[in-house]
Amino acid sequence: MSPKTLYDKIWDAHVTHEADDGTCLLYIDRHLVHEVTSPQAFEGLRMAGRSVRAPDKTIAVPDHNVPTTLDRADATTMTEDSRIQVEALDKNAKEFGVHYYPVSDVRQGIVHIVGPEQGWTLPGMTVVCGDSHTATHGAFGSLAHGIGTSEVEHVLATQTLIQKKSKNMKVEITGKLRPGVTAKDITLSVIGVTGTAGGTGYVIEYCGEAIRDLSMEGRMTVCNMAIEGGARAGIIAPDETTFEYCMGRPHAPKGAQWEAALEWWKTLYSDDDAAWDKVITLKGEDIAPVVTWGTSPEDVLPITAKVPAATDFKGGKIEAAQRSLDYMGLTAGMALTDVEIDTVFIGSCTNGRIEDLRAAAAILKGKKIKDGMRAMIVPGSGLVRAQAEEEGLADIFKDAGFEWRLAGCSMCLAMNPDQLAPGERCAATSNRNFEGRQGRGGRTHLMSPAMAAAAAITGKLTDVRDLM
Amino acid sequence: MNKFTTLSGIAAPMPLINIDTDMIIPKQFLKTIKRSGLGVNLFDEMRYDDDRNEIPDFVLNKPQYRDAQIIVAGDNFGCGSSREHAPWAIADFGITCIIAPSYADIFYSNCFKNGILPIVLPQEQVDALMKDAEKGANARIEIDLENQSITSSDGDVFTFEVDSFKKHCLMNGLDDIGLTMEKAASIDTFEESASQSRPWV
């Protein structure tokens, strides 16, 4: 047998039909659904008189629109259009009989946090969702990617997706990370190297010692932003860390089925002599705590750097960089550590898991946020919130002056009441710094939870290593 | 889905690279449960000021581009989220063809589901068509999907590549789900075999 990559192996295990031109029907093991990209798909089914082919493999949870304030049970905290969208999901989940975690359920949260937490996401699976950050689930050694609403409808109706195979890219992070450097710094640094289009047409497999050393939470952070690098999906081969995370989760296999699953999962790695279309290698020790300065996730620099000038770039990036600098209100040559922050947002499908909250708490313990700072921590799920309370993290956050919120997408994309005002500058642990992403005119700097916590204390972009 | 065969239309030049889905259709317009009506909010934050007045400098607000049916764009058009609201807004505005050096993966795929043809050309050919588009309303660009060709207003002809299956569906306005339903037997067979080999799924 010819050597295969991990992606090749999962792909081959899910092809249900291949046409002469290479167009495949790929079987989908898990379909995650949220309220924003699904109403038109369910409506399409209804109009055509179709049902959901595999409701037992379909999991729905509202997250984008949901308010995260403690009073959200009061329906008036949501705008009418948000409420209609969430109610549509309530109705569709019930009518089509899919698994559902409503707002009132303690397990509700961001779909990409709930899926793994409940054991829906497992190694070797194909996972899709009408959301680009579906790449998160690749951390389990599953092939996971975002789809549009027409494809959501297609998967609901047929449990398959029409696909052509992507190319294989290997991103290796060798050696150890230095203190203060996290999974977020890895994934941002990779995008800094590849650019936001560098992964287009590829599935990225992340490997190397620094990736192996990451927890599942860290691996999810890395894969989550594969999409910001333009890749169809990011993937990490499953290992003991993966199996340990999965074992005992509500929807993970048990007993003999667990053993059978494990046997297969252990074959899910790229063969030594597998062929790669592109390889990128970074040394773990060369990665610094980073922040973004512009309005594209590729605008990444170490926190010790200075704001660049548009003329530092080439081609179309010159105009784009100048536009970014103007939008962000930054001057070339100023130290990033002199950039003052109004708001700190810790949360999102990128960094809303328990380990992210622990990392923030380690910096915030016994400290206070700067006077006048608006700071919020939004756990990724109700269960993350409960665990953080049990571990005493919530008290650390509240004592420091952070708002301690309920689970949801929150300020990552401002489809709910959590938004930036024009000109407001935010240190955010989310995934996109696009113009207007966190609210019209809002300015976003992406970074790790530890770096965001450090910024909350000093009121500026800060090198977290100075506070450790 | 609307068919796409040929198009002769005005092209709006948008040379900016990395035009993302938040620019194409900002998040506040994703709260709809319909597919239609988003054209008025296409490029909303670039197109209108805080008081909802049109920003005259924005390309689609200029008199010569108000009826544009084509966008000539910079690299990595449509990067960002999976929101199909982006192609819905583009199509609802009346644009059915985009020409750029590259696209984000999900956006590219979403276009074909909505009767929009996203054409990939090398940067220097995009640059030539960008210059053509900058001439305004008198410079109509012609697209012929069957022959995979673009003719500029000066008569220069460029050819482009497109996946044969996607081309077939676009030219005939075919519904993917209907096509897949015809292969239901192969899905049944796969499910049966997977239930033996991977029963935990």
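Proteins come first, then strands; the chains are lettered A, B, ... in the order of their sequence lines, and each starts at number 1.
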Side chain / backbone / both / neither for [X] at chain B, heavy atoms under 4.5 Å:
X	result
T149(A)	both
K254(A)	neither
L122(A)	side chain
H64(A)	neither
V15(A)	backbone

Electrostatic pair [X]-[Y], nearest N-O below 4.0 angstrom:
X	Y	result
R440(A)	D22(B)	no
R437(A)	E45(B)	no
K34(B)	D92(B)	no
E153(A)	K113(B)	no

Among the listed options D105(B), T189(B), D163(B), N110(B), the residue most often paired with chain A at heavy-atom distances under 4.5 Å: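 Among the listed options, the one with the most contacts to chain A is D105(B).
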Among G74(B), P199(B), P15(B), which residue forms the greatest number of heavy-atom pairs with chain A at distances under 4.5 Å?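 Highest number of heavy-atom pairs under 4.5 Å: P199(B).
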Hydrogens and angles aside, do [X] and [Y] bring a side-chain donor and acceptor to less than 3.5 Å of each other?
X	Y	value
N114(B)	E84(B)	yes
N41(B)	H85(B)	no
D81(A)	Q85(A)	no

Apply salt bridge (charged side-chain N to carboxylate O under 4.0 Å, His left out) to D156(B) and K131(B), showing your working. CA-CA 12 Å; D156(B) 294 330; K131(B) 283 213 175 88; over 6 Å; no
In terms of heavy-atom proximity below 4.5 Å to chain A, should R35(B) be classed as side chain, backbone, both, or neither?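 It is both, since atoms from each part get that close.
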Give the interface residues of residues 413-422 of chain A toward chain B, defined by a heavy-atom separation under 4.5 Å.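 Those residues of residues 413-422 of chain A which have a heavy atom under 4.5 Å from chain B are L413(A), A414(A), M415(A).
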Candidate pair R432(A) and S132(A), rule side chain to side chain donor-acceptor pair (under 3.5 Å), full reasoning: CA-CA 11 Å; R432(A) 290 197 177 124; S132(A) 58; 2.9 Å; yes
